[in-house]
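Data block below; observations after.
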Amino acid sequence: MREHVKSPWQEALPELLEQSRALSAQGKVADYIPQLALAPQHALGISIIDKDGRVTSAGDAGLSFTMQSISKVFTLILALMDHGERIFDKVGMEPTGDNFKSMLKLELVEPGKPFNPMINAGAIVISSLIRGDTPELKFERILQFIRRLAGDPSITYNHDVFLSESETANRNRSLAYFLKDNRILEGDVEQHLEVYFKHCAIEVNCEHVARMALIMACDGVDPATGEQLIPRLYVQIAKTFMVTCGMYNASGEFAIKVGLPAKSGVSGSIMAIRPGVAGICVVGPALNEKGNSLAGVHLLERLSQTYDWSMF
Ligand code: GLU
């Protein structure tokens with residue numbers, strides 16, 4: 001532990017963050033899940049945790065938000081831990097180039113099999129594969145896994161966000177019933193959706209997610225204890241999906257401009273990994289037209305340019 005030594009970005013971070021925050025006025029907070037529309041438009045926060053345990057936070061890093069699609073990275077990993085690479089019989093490995101809720105490719109190519117686990121159709125299939133006899137037990141396993149990685153046993157899900165999504169999820173419901181019709185999804189569709197909506201509604205802050213990202217940056221090992229919490233191969237698979245599909249249909253542009261594996265959620269959160277070095281989480285609820293945090297992406301671009309973070 002070298003917590004007394006300042007991180008290279010500690011001094012510049014608040015200033016860089018305030019410059020990016022100005023962009024939040026041009027974005028739009030997601031409102032297709034009514035509860036998400038309550039998020040503060042101009043909030044912007046960041047936490048960076050490096051493998052020496054130094055936590056550097058700025059802005060609204062203490063803001064609570066729901067993981068939304070960031071949770072898909074961890075359900076993917078848990079499903080891999082449950083079943084190994086057999087999960088790829090049911091979900092593919094390719095980016096779609098379409099928006100995350102799109103139905104288009106489900107019917108166009110390889111009928112019924114979602115292109116990857118980061119789009120909604122793929123993530124719903126992954127939720128259905130999590131081991132557990134009931135939706136409650138499946139969700140409990142996901143929650144325990146998240147709590148362990150984030151290092152906080154008090155993490156839970158936001159019931160209002162869960163209900164709000166569940167009551168309005170016409171698109172996800174139609175995707176799921178389409179998957180059931182194609183026998184990709186087996187069993188009770190509503191139960192699978194319940195697990196999916198609940199894990200999307202898990203409530204965290206930037207430091208929680210940065211800690212989870214740090215474990216991925218360390219190939220699945222918790223650097224504080226040396227314990228292997230995720231098999232290295234599954235971290236590698238998840239990181240690759242983050243690079244190719246993690247930022248919706250802006251993943252290519254993000255790879256060029258930031259150059260880190262990252263996963264975005266419609267709550268305006270972004271988890272990014274600096275392999276071998278640090279875990280990062282940014283939250284800024286105002287989104288750009290691709291569904292990524294406008295100010296959050298800008299801040300990550302500035303940081304990547306300033307500190308030469310790109311892995312490419
Ligand atoms: N729960 C959200 C949905 O299924 C997650 C979307 C996202 O964050 O990309 O629509």
Side-chain angles (χ1 to χ4, degrees), residues 27-39 64-76 91 95-104 106 114-128 130 135 139 142-143 146 157-179 185 189-204 209 212 238 241-242 244-251 254 262-272 281-294 296-297:
K28 192 174 176 310
V29 177
D31 58 6
Y32 75 99
I33 299 174
Q35 278 286 317
L36 292 185
L38 305 177
S64 293
F65 56 87
T66 51
M67 291 180 81
Q68 298 303 331
S69 278
I70 293 179
S71 62
K72 295 174 181 173
V73 173
F74 300 99
T75 49
L76 166 67
V91 58
T96 64
D98 301 328
N99 113 354
F100 64 98
K101 295 191 286 186
S102 179
M103 303 197 79
L104 196 64
L106 277 185
F115 263 47
N116 68 68
M118 300 289 116
I119 52 171
N120 286 4
I124 294 167
V125 172
I126 293 292
S127 295
S128 78
I130 301 293
F139 177 66
I142 298 169
L143 188 60
I146 301 275
Y157 74 101
N158 181 317
H159 194 68
D160 293 339
V161 174
F162 159 69
L163 276 185
S164 178
E165 175 159 18
S166 184
E167 282 162 3
T168 54
N170 298 320
R171 175 71 68 113
N172 280 333
R173 237 177 220 105
S174 32
L175 284 170
Y177 280 99
F178 186 82
L179 292 166
L185 207 55
V189 174
E190 291 300 324
Q191 293 193 347
H192 298 319
L193 286 170
E194 179 187 328
V195 176
Y196 172 78
F197 298 144
K198 277 190 181 160
H199 71 66
C200 286
I202 292 175
E203 197 163 54
V204 287
V209 176
M212 297 166 80
F241 276 120
M242 290 168 74
T244 57
C245 331
M247 299 298 289
Y248 308 123
N249 42 343
S251 298
F254 189 87
K263 182 74 199 91
S264 186
V266 285
S267 51
S269 46
I270 303 171
M271 170 174 81
C281 177
V282 184
V283 67
L287 308 179
N288 62 22
E289 70 291 343
K290 297 278 172 71
N292 295 313
S293 169
L294 190 63
V297 169

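In each ligand, atom 1 is the first atom listed, and ligand 1 is the first ligand listed.
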Measure and list all N/O to N/O distances between ligand 1 and the protein that fall under 3.5 angstrom.
unit_1	atom_1	unit_2	atom_2	d
ligand 1	1 (N)	Gln68	OE1	2.6
ligand 1	1 (N)	Glu165	OE1	2.8
ligand 1	1 (N)	Glu165	OE2	2.9
ligand 1	4 (O)	Asn120	ND2	3.2
ligand 1	4 (O)	Glu165	OE2	3.1
ligand 1	4 (O)	Asn172	ND2	2.8
ligand 1	4 (O)	Tyr196	OH	2.6
ligand 1	8 (O)	Ser69	N	3.0
ligand 1	8 (O)	Ser69	OG	2.8
ligand 1	8 (O)	Tyr248	OH	3.3
ligand 1	8 (O)	Val266	N	2.8
ligand 1	9 (O)	Ser69	OG	2.5
ligand 1	9 (O)	Tyr248	OH	2.5
ligand 1	10 (O)	Tyr32	OH	2.6
ligand 1	10 (O)	Asn120	ND2	3.4

Pairing of Glu190 and Arg173 as salt bridge, 4.0 angstrom limit
yes
Which residues pass the ring-ring contact (aromatic ring centres under 6.0 Å, His included) test with Tyr157, not counting sequence neighbours?
Phe139, His159, Phe162
With heavy-atom distances below 4.5 Å as the criterion, would you say the side chains of Leu179 and His192 are in contact?
no
Check side chain to side chain donor-acceptor pair (under 3.5 Å) between Ser251 and all other residues, then give those that pass, not counting sequence neighbours.
none
By side chain to side chain donor-acceptor pair (under 3.5 Å) - contacts of Asn249 (at least two apart)
none
Run the side-chain contact (heavy atoms from CB on, under 4.5 Å) check on Lys72 and Asn120 step by step: do they pass?
CA-CA 9 Å; Lys72 295 174 181 173; Asn120 286 4; 2.5 Å; yes
